Amino acid sequence: MCKSAALSLHSRPISPANIVYYLYSGTGSGRACLVDKNGKLIAEHSEATLTHRSPTDHRIFEQSTSNIWSSLAKCCMTILASSGIDPKQVKGIGFDATCSLAVVNKDGRPVSVSRTGLTEDDEKDENLGREDAEKDVWNVILWADHRAEEEAEKINSTGEGVLGFVGKTMSLEMEIPKTLWLSKHMKSDEFKNSMFFDLPDWLTYNATSSLARSACSLTCKCSFVPPGAKMVHECDGNKEEVSKDGWSARFFNKIGLEQMVENDFEQLGGIPGKNGLVLTAGQPVGKGLSKAAADSLGLVEGTAVGSGVIDAYAGWIGTVAAAQGEGQPKPTLEDASSRLAAIAGTSTCHIAQSKEGILVPGVWGPYRDAVFPGLWMNEGGQSSTGQLIDFMMQTHPAYPKLVELSKKSGKSTFELLGDRLEEMMKERNAITLTHLTKDLHFYPDLVRNRSPLADPRMKGSIVGLTLDDSLSDLAAKFNVTLEAIALQTRHIVDEMNAKGHKIDSIYMSGSQAKNGPLMRLISTVLQMPVIIPPQPSAAVVLGAAMLGKYAYDISLERQSQEITSQEEAKAASEKDKNKLWDVMVSMTHPGKTVEPRSDELGEKERKLLDVKYKIFREAVEVQRKWREMIAQAL
């Protein structure tokens, strides 16, 4: 994301108790926003962040916490200067971030996770663990970094009960495979002196100096199984074990992270109630902003900071509490269980909540307490969606011609493709776009399959190619790319519902929610309404801001008394969970509903899409069969 100018959307006097800050570290930028208590965006600003790519290893994506914090600080200062907001009016701060691994030493100084030294030519393991007081070091392994492939395979071969909480397959993008990789490549003394944070937790740590961790980050990305949850060890004949400490000692011992067990998991945040504190979403962290953090952000020391969440979960928080249209009843927390939040940008995450834990193979989770105490979340995903659309367009031979037409006409490339598709329908007497491309079939896993197959070996395929490299062919491939994304969304939802979810509506957010043809396709393919918020790209913003508002409300109620024990955190979480839902309802505005087509043409399109869905599912089996045939021949 490129940096943008601060945007002021507010014209009336602002009540001192109305303002909360939202701070977000995304894949390519840091972003700060001011939001009022009614969920209205007042001002926002973003700054680009740096990402390091290894010159010799395409799997490597690294960032720097110093650079991330500096970007967020610039955002805050810019907003305060341009909006005229008094820092004293900012009452709460919510954080969310990508699920990336941040590493610092026990004094909080960044520790390098990069094999790259002072120059790009200097690549060796000895550079791991390096500290530099004068220059930023790459101390964040970005979520997209795939260096821990062997470590993930080792973990997935254990049959340990922990795997029952990640859809039976742990992703190499999660924090424990990455931590295991570091343990094998860093010097042992440097590894022992390091602390490991999911990035949202590092942000609250840097903001408050509190080592409290979020249930969202630990449960979803760090192999933490909340106390009381039941593990089933397939490696021991399905022996059952109830989690006591949150961490499975036998799992960490088996994969080679024995020292985590030996030091009571201090490096990952500790054992709750013993040497660690785990907070649910939005609970106040520490004593609020530290003086150092407040000075760097231009805010007031002691401002309430809510326990953070991973960015996709902020999208869930920011969308699912919407009423289904103006004048409709306010939803209850129970209503959220039928609403799937789809956070769609470069990739797409699909998040659903349930009262009981539901294991869906190939879909991450079930995660207890990830947002609300005692409730469970599942997280599906497509690794490439917005990115896939761009790739299919930009690599087509006719793309330069499309760009040229865009410059001449003043229309966007998407508008031009839409126009061309309409012309093609008339030329070929096609009654719908699906009928226009009925003989073109696209399987979209160009970047592995995250859900519901959890198969990193899946590839993309197209059936129906001809000797055509025209603009019409580009338009057709654009259309089937949208179709493939919709069909795969159905695959994910079908698997979730088959295992016990009761999803009946899709709550979209992110840049793709502005893609009208895709929204219509998803609604028709799934035969479900798609609800689009008033500001689709701001849903993640809004979700994190809600955590800031909730943290402020609870801090006010507690008279700023710090939560210091796990027992206290648990009691407060249970007591106040409905207050978080109330905040969500009060700050979420009704969205626009896209219904499945119900006319005669809609029924014909649905029938054809059902057939194309069967072909889509067959494409999975054919690819796996061919893979096995090749393996047998080698």
Side-chain angles (χ1 to χ4, degrees), residues 27-28 51 53 57-61 98 142-149 152 169 171-173 312 342-350 362-364 379-399 402 413-414 417 437 439-466 468-469 473-493 495 510-512 515 517-518 521-522 525 612-613 615-628 630:
T27 299
T51 299
R53 301 297 310 277
D57 189 342
H58 71 278
R59 303 172 302 167
I60 302 300
F61 292 79
T98 63
L142 193 65
W143 67 270
D145 188 292
H146 285 183
R147 73 182 70 183
E149 187 173 2
T169 303
S171 170
L172 76 173
E173 293 178 2
I343 302 89
T346 303
S347 59
T348 300
C349 289
H350 310 82
V363 174
W364 296 341
E379 178 185 351
Q382 293 162 287
S383 294
S384 180
T385 49
Q387 178 191 51
L388 178 68
I389 295 169
D390 291 343
F391 178 83
M392 294 301 292
M393 289 172 58
Q394 294 168 9
T395 57
H396 194 281
Y399 184 69
L402 179 66
T413 55
F414 297 106
L417 289 174
T437 55
D439 296 319
L440 195 56
H441 308 285
F442 180 29
Y443 185 78
D445 281 334
L446 274 65
V447 187
R448 69 188 181 83
N449 182 279
R450 185 187 295 177
S451 297
L453 308 176
D455 187 345
R457 296 175 295 174
M458 293 302 293
K459 309 295 182 185
S461 63
I462 297 181
V463 175
L465 296 177
T466 63
D468 185 354
D469 63 359
D473 185 69
L474 170 54
K477 288 192 172 70
F478 170 74
N479 188 61
V480 294
T481 301
L482 303 186
E483 180 184 281
I485 292 170
L487 292 172
Q488 191 166 65
T489 303
R490 176 176 170 181
H491 192 189
I492 293 168
V493 173
E495 291 299 313
S511 58
Q512 286 183 52
N515 187 330
L518 178 60
L521 265 172
I522 290 175
V525 167
K612 296 201 81 172
Y613 179 60
I615 294 170
F616 181 92
R617 296 290 298 266
E618 284 183 13
V620 174
E621 301 311 315
V622 168
Q623 183 175 157
R624 287 176 160 175
K625 178 182 176 181
W626 288 356
R627 187 196 302 162
E628 181 62 27
I630 293 295

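Nothing here was measured: the structure is a model prediction, and the numbers come from that model. Atom set for the values below is all heavy atoms of this structure, side chains included, hydrogens, waters and symmetry mates excluded.
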Item to check | His350-Glu379 side chain donor-acceptor pair, cut-off 3.5 Å | outcome: no
Checklist outcome for this item: Residues Leu446 and Gly460: closest non-hydrogen pair is CD1-CA, 3.7 Å
Next on the checklist: Side chains of His396 and Asp473: any donor to acceptor distance under 3.5 Å?
Outcome noted: yes
Checklist entry - If we ignore angles and hydrogens, is there a donor and acceptor under 3.5 Å between the side chains of Thr27 and Trp143? => result yes
Checklist entry - Above 12 or not: heavy atoms from other molecules or residues under 6.0 Å from CD of Glu149? => result no
Checklist entry - Are the side chain of Gln623 and the backbone of Lys459 linked by a donor-acceptor contact shorter than 3.5 Å? => result yes
Item to check | Smallest separation among heavy atoms of Gly362 and Ser451, with atom names | outcome: O-OG, 3.0 Å
Checklist entry - Taking Asp455 as the fixed residue, which of Arg624, Arg448, Arg450 is the one that meets the side-chain contact (heavy atoms from CB on, under 4.5 Å) rule? => result Arg624
Item to check | Sequence-distant partners of Asp57, salt bridge (charged side-chain N to carboxylate O under 4.0 Å, His left out), two or more places apart | outcome: Arg59
Checklist entry - Are Ser384 and Gln387 close enough that a side-chain donor and a side-chain acceptor fall under 3.5 Å? => result yes
Checklist entry - With a 3.5 Å cut-off and no angle check, do the side chains of Gln382 and Ser347 form a donor-acceptor pair? => result no
Checklist outcome for this item: Residue set satisfying ring pair (Phe, Tyr, Trp, His ring centres under 6.0 Å) with Tyr443, at least two apart, ordered chain then number -> Phe616
Checklist entry - Which residue, Ile389, Thr348, Asn515, forms the side-chain contact (heavy atoms from CB on, under 4.5 Å) with Ile485? => result Ile389
Checklist entry - Any donor and acceptor pair, going by atom type alone, linking the side chain of Arg53 with main-chain N or O of Ile60 inside 3.5 Å? => result yes
